[in-house]
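Predicted, not measured: the structure shown is a model, and the values here were computed from it. Just so it is clear, the values below take in all heavy atoms, side chains as well, and ignore hydrogens, waters and symmetry mates.
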Amino acid sequence: MKLSKIIIAISGVLFCSDISEAQIMPWENRTDTDDGAFVKSEDNIYRGPLHLEDVVSGNLIKTKGAGEINWLKDGERFSRVEPNSDGGYDVVAYRAKDNKKEVIIPGSLLIDRASGRQVPVKSLIWSDNNDKVLIYTNSKKVWRYETRGDYWILNLKNGDFRQLGKTLPESSLMFAKFSPNGEKVAYVSGNNIYVENVNDGTPVMLTKDGNDRIVNGTFDWVYEEEFGCRDGFRWSPDSQYIAYWQSDTEGTGTFDIINNVDSIYPVYERFPYPKAGSTNSAVKVGYVNANGGQTTWINLPGEPRENYIPRMEFIPGTNTLFIQQMNRQQNTNKVWIADINGGEAKHIFTDKDTAWVETNDNVLWLDGNNWFTWESERDGWRHLYRVSRDGKLIQPITKGEFDYISNVGTDMKNGIVYFIASPDNFTQRYLYSAKLFGDGTVTRVSPNNQSGQHKYNMSPTGKWAVHTFNNASSPSVIDMVSFPNHKSVRIIEDNSHAAEQYSALGLSPKEFVKVKSGDLILDAWIIKPIDFDPNKKYPVIVEVYGEPASSTVQDVWGNGDLWNQYMANLGYIIVSIDNRGANTPRGREWRKCIYGEVGTFASQDQARGILNLAEQYPYIDKDRIGITGWSGGGSQTLNSMFRYPEVFSTGIAIAFVADQRTYDTIYQERYMDTPQNNPEGYKKGSPISYADGLQGNLLLIHGTGDDNVHYQNCEMLVNELVKHGKVFSQISYPMRTHAINEGEGTTLHLRKSMAKYWLDNLPAGGR
């Protein structure tokens, strides 16, 4: 075996360590004589243990998806972009029932006359009558998503193809969409809203006050991150008006990210970011005539900076807006309706909770707009309800001791709603149905012989769906299914080769188990090394998230979870536990018992849970327990290390919140109220409060360009650890964001550094 010296900079000090070259060398340099090297067979399947470079490259297992599928409005066909024989792309349509293919937009129609080249297609948007299409291209990131770019319009009747907003800066257009009558297109550029006539291309600037402070038709950072708000305007059904959000960020605290690597002097990126307890943007909604004119603002009660407007839509076929308004504490969601040119808004319905409520997406209007659907936890479980237009009647569409997880689609002709639920296994997901005007009875639709997670891209009619099934040990099988009987019409992609690749690796399967925290039963999973010996004791690495926004213990493919498998095969037991408060379908009390206490119960459950697991399985070495996590998981790693040093001897915390006061208003206050109202909760939940409790080995990792969880958190914690004389290690990645994946070699360096730290500080292997 060859050895090479790997030099890693940690906390400004150079550390050298011997790492097996076979673990990191590229394929072409490996031979069968290398210790632990793969054997590559003629069928291109990798056989043998994992190697880090292959894990990071993502090339070990090649799974295929169905591609971006856009259902056409007839509900019988879907379109997608496919390469053609000319080296370009066509937009093709497939008929759901028999897969009959038709080229609906040949690539020859998508030629830029100035350059003679085909315009690349990022995505496309059809007009209501399918005779025109918008092509989105040349996209750029706005924070996490590529929502800014160029748009071209293609008229399928005459073949005319031209670029929208040609006088505006390149890649500056956002959220372009047709008016319902197809005669105009609206979009946002430079925080202003524009409208162009389809025929003559003349733009009309509907708003003129957009700038760095005033945001029209889109949103500030915190609305995008926490409410999923990006597209900030809506066409009225009669195509005469545009309703939109406006954010005034004046008074909101600004945050600076300092770029020290791209020039010899620092460059500052400044943006509004309201931290917990501080001043929010003032957000309001209004409407303007699509031909131009003054905006009419809708007067909603309450101080705009102390309330949120996370959702606004037109009621179908009307010029009446349906507006959701949340108070700052996010424990009350008021519904208002407001008619265009109709005077004051009218309050019709309120949903409340002593902890928090969620926004309602996919509100469906029924029975001639006399009823609308609404998700609520009012009976202790998340269910779908039918609410009368005046808000006076609320009746259950789904009932029972289970959670309605998410909407899938609707068959309006037969009055059926389809949704995801999992009453019997919180790690899995299945399709269920219920009658929109029934007694609340629900019926499982997903096949009983497919245990795992099911996803559906359903047609507008609810007659067809592209169905994806997978679980932790099986890559996705994708098929076309017909409803209401969930009949598989044909396989779109079976990923059989990926399944063979995964099987050939000979990995230990992820095992799902139950653990206890006191009297509470928690879900968990375990991964063992491939050479596992039950008579030995192994060190454990706990993979944690722990926040109320997500869950780690899910029976889902995850491309084989190869990073954790790699670490297991170095000689570790890898474990993940969903503590109470995790976003799983276990009812309101499970999710909301952590209100005002985020961080405290999580670390307690992680400590109790891993000790209980060690009692159940003697092969777990209680003297060698490590913990790691990213973002909220980084925070819980720190809380666990500081509060339970007798349990966790080593930790790696990545992109963590050290002090909850530094995170944004919407997320942090949703679960914790404000620091002013809950100072003790913020103190108890923040790892920095317990920094003096560090006894073990700790590695801090953070990107200095993180716009989400600011690098400030790392510096504040470092300052506190230094004050208490605590020794630790640190890696700072210059100008990397929350994902820490930008720049050549970053991901490999990150994972290599983590592996080295575990090997150096939490000795691997059974004893």
Inset, instruction - Measure from NZ or CZ of Arg386 to the centre of the six-membered ring of Trp371, then state whether that distance is under 6.0 Å and the direction lies within 45° of the axis. - result: yes

Legend entry - Under the side-chain contact (heavy atoms from CB on, under 4.5 Å) test, residues paired with Glu589 that sit two or more places apart: Cys593

Inset, instruction - Verify, without hydrogens or angle tests, whether Ser239 (side chain) and Asn181 (backbone) share a donor-acceptor contact under 3.5 angstrom. - result: yes

Legend entry - Cationic N near anionic O, under 4.0 Å, Arg144 to Glu224: yes

Inset, instruction - Quick one: list whatever passes side chain to side chain donor-acceptor pair (under 3.5 Å) with Thr350, sequence neighbours left out. - result: His347

Legend entry - Salt-bridge present (Arg162, Glu196; N to O < 4.0 Å): yes

Inset, instruction - Compute whether any side-chain donor of one residue and acceptor of the other, for His738 and Ser631, lie under 3.5 angstrom apart. - result: yes

Legend entry - Glu269-Asn259 side chain donor-acceptor pair, cut-off 3.5 Å: no

Inset, instruction - Please check if any side-chain donor atom of Glu669 sits under 3.5 Å from a side-chain acceptor atom of Gln330, or the reverse. - result: no

Legend entry - Polar side chain donor-acceptor pair, Ser189 to Tyr194, under 3.5 angstrom: no

Inset, instruction - Please check if atom CD in Gln294 has more than 12 non-hydrogen atoms from other residues, nucleotides or ligands closer than 6.0 Å. - result: no

Legend entry - Under 3.5 Å: donor-acceptor pair, side chain of Asn191, backbone of Asn211: yes

Inset, instruction - Check Tyr273, Tyr667, Phe227 against Trp221 for a ring-ring contact (aromatic ring centres under 6.0 Å, His included) and give me the one that passes. - result: Tyr273

Legend entry - OG1 on Thr252 to NZ on Lys275, rounded to 0.5 Å: 13.0 Å

Legend entry - Gap between atom CG of Asn457 and atom CH2 of Trp71 - 0.5 Å precision: 7.0 Å

Inset, instruction - Check His710, Gln712, Arg270 against Asp256 for a side-chain hydrogen bond (donor to acceptor under 3.5 Å, both in side chains) and give me the one that passes. - result: Arg270

Inset, instruction - Using distance alone, with no hydrogens and no angle criterion, decide if Asn741 and Thr746 have a side-chain donor and acceptor under 3.5 Å apart. - result: no

Inset, instruction - Salt-bridge test for Glu358 and Arg382: reply yes if a basic N is under 4.0 Å from a carboxylate O, no otherwise. - result: no

Inset, instruction - Run the numbers on Phe372 and Phe322 for ring-ring contact (aromatic ring centres under 6.0 Å, His included), then give the verdict. - result: CA-CA 10 Å; Phe372 60 89; Phe322 182 87; 5.0 Å; yes

Inset, instruction - Report the residues that fulfil side-chain contact (heavy atoms from CB on, under 4.5 Å) with Lys684, sequence neighbours left out, ordered by chain and then residue number. - result: Glu597, Thr600, Glu680, Tyr690

